[in-house]
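Before any comments, here is the structure.
We use all heavy atoms of the structure for the numbers below, so side chains are in, but hydrogens, waters and symmetry mates are not.
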Amino acid sequence: MGKFNYIDLIATLGIEDAHPGGFDLTKEMVKFLPIKSNSSVLEVGCGSGKTAQYLYEKYKCSIDTIDINDRMLINAKKRFNKKKIPINLFQASAEKLPFQENVYDFIISESVTSFTNVDKSLSEYARVLKEGGYLLAIEMTTEKPLTVREQKDIQDVYGISKTRTVKEWENSLVRAGFSEYKIIRGETIVNTSTKPMSSLPFDKLPPDGIELLHKFQKLILRYKDVLGYRVFLCRKQRY
Ligand SMILES: C[S@@+](CC[C@H](N)C(=O)[O-])C[C@H]1O[C@@H](n2cnc3c(N)ncnc32)[C@H](O)[C@@H]1O
């Protein structure tokens with residue numbers, strides 16, 4: 001197993017909605033999508049599976065989920081089995097989706113694409129979406145271009161190779177074929193966890209996990225006005 005990273009940290013602590021705005025934002029943003037019971041939905045980077053569970057319970061639609069991280073897959077599988085909900089779970093990368101083209105009406109990705117090669121993942125989303133299909137992406141942004149030192153501070157904690165400004169996200173979306181998009185929400189990050197900190201199982205963390213947690217807390221404070229997020233609602237072109 002590799003170095004204990006940010007994704008291992010949130011999976012070990014059992015943080016269920018590990019994206020800016022948390023589950024409240026998910027519920028609000030999903031209202032923008034015209035999901036019906038006969039819709040096919042893909043959640044990329046499903047983490048604990050909480051959003052997928054919510055979507056199934058609300059719409060009874062067909063849902064596939066993928067994640068790359070072993071710990072996250074175990075957590076999601078436990079959830080789907082416990083609730084007896086028929087959601088398909090695959091271990092795969094957003095950068096190489098194991099699906100045919102033009103199969104999904106909706107893709108949801110909450111704070112995932114930033115952790116991947118963004119251009120590769122966005123073009124995979126465009127490939128597997130049906131024409132006219134929707135992508136809802138909650139993504140981390142930097143509110144200004146960063147210095148090399150600042151990028152490195154953020155990279156050391158999140159493990160992502162490059163944080164992006166809104167303009168950089170927009171350029172990537174257009175390059176991937178999502179020229180129809182709008183930003184439906186966005187602000188700076190204050191606290192991404194909705195679980196009270198005291199309820200988290202810190203005793204499960206290895207020493208390098210505790211060190212990473214401390215670095216994370218410092219980073220969030222230091223960059224509270226610089227790190228933000230946007231919710232992009234995008235549509236694949238109809239020909
Ligand atoms: C910050 S967490 C968000 C999890 C979940 N979407 C949520 O909001 O709670 C990022 C998720 O993306 C997954 N991830 C990272 N890189 C990935 C990749 N290349 N392909 C698929 N999933 C990936 C991680 O394993 C993790 O579950």
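- Contact check for Arg185 versus Glu28: side-chain heavy atoms found under the 4.5 Å cut-off.
- A side chain to side chain contact (heavy atoms under 4.5 Å, CB included) with Asp153 is found for exactly one of Gln155, Arg149, Gln151, namely Arg149.
- Expressed to the nearest 0.5 Å, how far CG of Leu25 lies from OG of Ser111 amounts to 11.0 Å.
- Side-chain atoms of Ser123 come within 3.5 Å of backbone atoms of Lys120 as a donor-acceptor pair (strictly under, hydrogens ignored).
- When all heavy atoms of Glu124 and Glu95 are compared, the pair lying nearest together is CG-O, 3.3 Å.
- By the criterion of side-chain heavy atoms lying less than 4.5 angstrom apart, applied directly or through intervening Ile, Leu, Val, Met, Phe, Trp or Tyr residues, Val112 is grouped together with Ile183 in one hydrophobic cluster.
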key: Steps toward side-chain hydrogen bond (donor to acceptor under 3.5 Å, both in side chains) verdict (Asn75, Glu16)   = CA-CA 9 Å; Asn75 291 351; Glu16 293 186 319; over 6 Å; no
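- By the 6.0 Å and 45° rule, Lys236 does not stack over the aromatic ring of Phe178.
- Nearest heavy-atom pair, Tyr6 versus Leu212, reported as atom, atom and distance to 0.1 Å: N-CD2, 3.5 Å.
- Taking the side chain as every heavy atom from C-beta outward, Met29 and Ile184 approach each other to under 4.5 Å.
- Checking side-chain atoms of Ser37 against main-chain N and O of Cys61 turns up no donor-acceptor pair under 3.5 Å.
- The backbone N or O of Met72 sits nowhere less than 3.5 Å from a side-chain atom of Asp67 that would complete a donor-acceptor pair.
- Side-chain contact annotation: Thr141 with Glu143, donor-acceptor N/O pair under 3.5 Å present.
- Judged by distance alone, with hydrogens and angles left aside, the side-chain atoms of Thr142 form no donor-acceptor pair with the main-chain N or O of Pro145 at under 3.5 Å.
- With hydrogens and angles disregarded, a donor-acceptor distance shorter than 3.5 Å links the side chain of Arg127 to the backbone of Phe99.
- Atom CZ of residue Phe80 and atom CG of residue Leu89 lie 6.0 Å apart, to the nearest 0.5 angstrom.
- At least one donor-acceptor pair under 3.5 Å links the side chain of Thr116 to the backbone N or O of Thr113.
- Looking at Trp169, its side chain never comes within 3.5 Å of a backbone N or O of Phe232 through a donor-acceptor pair.
- With hydrogens and angles disregarded, no donor-acceptor distance shorter than 3.5 Å links the side chain of Ser39 to the backbone of Ile35.
- For the side chain to side chain contact (heavy atoms under 4.5 Å, CB included) criterion with Phe106, the lone passing option out of Val41, Val30, Leu55 is Val41.
- At least one test fails for Lys204 against the ring of Phe202: distance under 6.0 Å to the centre or angle within 45° of the axis.
- Side-chain atoms of Glu139 come within 3.5 Å of backbone N or O of Ser114 as a donor-acceptor pair.
- Considering OG1 of Thr51 and NZ of Lys27, their distance stands at 10.5 Å, rounded to 0.5 Å.
- For the pair Lys144 and Thr165, the minimum side-chain heavy-atom distance is 4.5 Å or more.
- The closest donor-acceptor contact from the side chain of Arg238 to the backbone of Glu131 lies at 3.5 Å or more, if one exists at all.
- Contact of the Leu13 side chain with the Leu205 side chain is registered, since non-hydrogen atoms from C-beta on lie closer than 4.5 Å.
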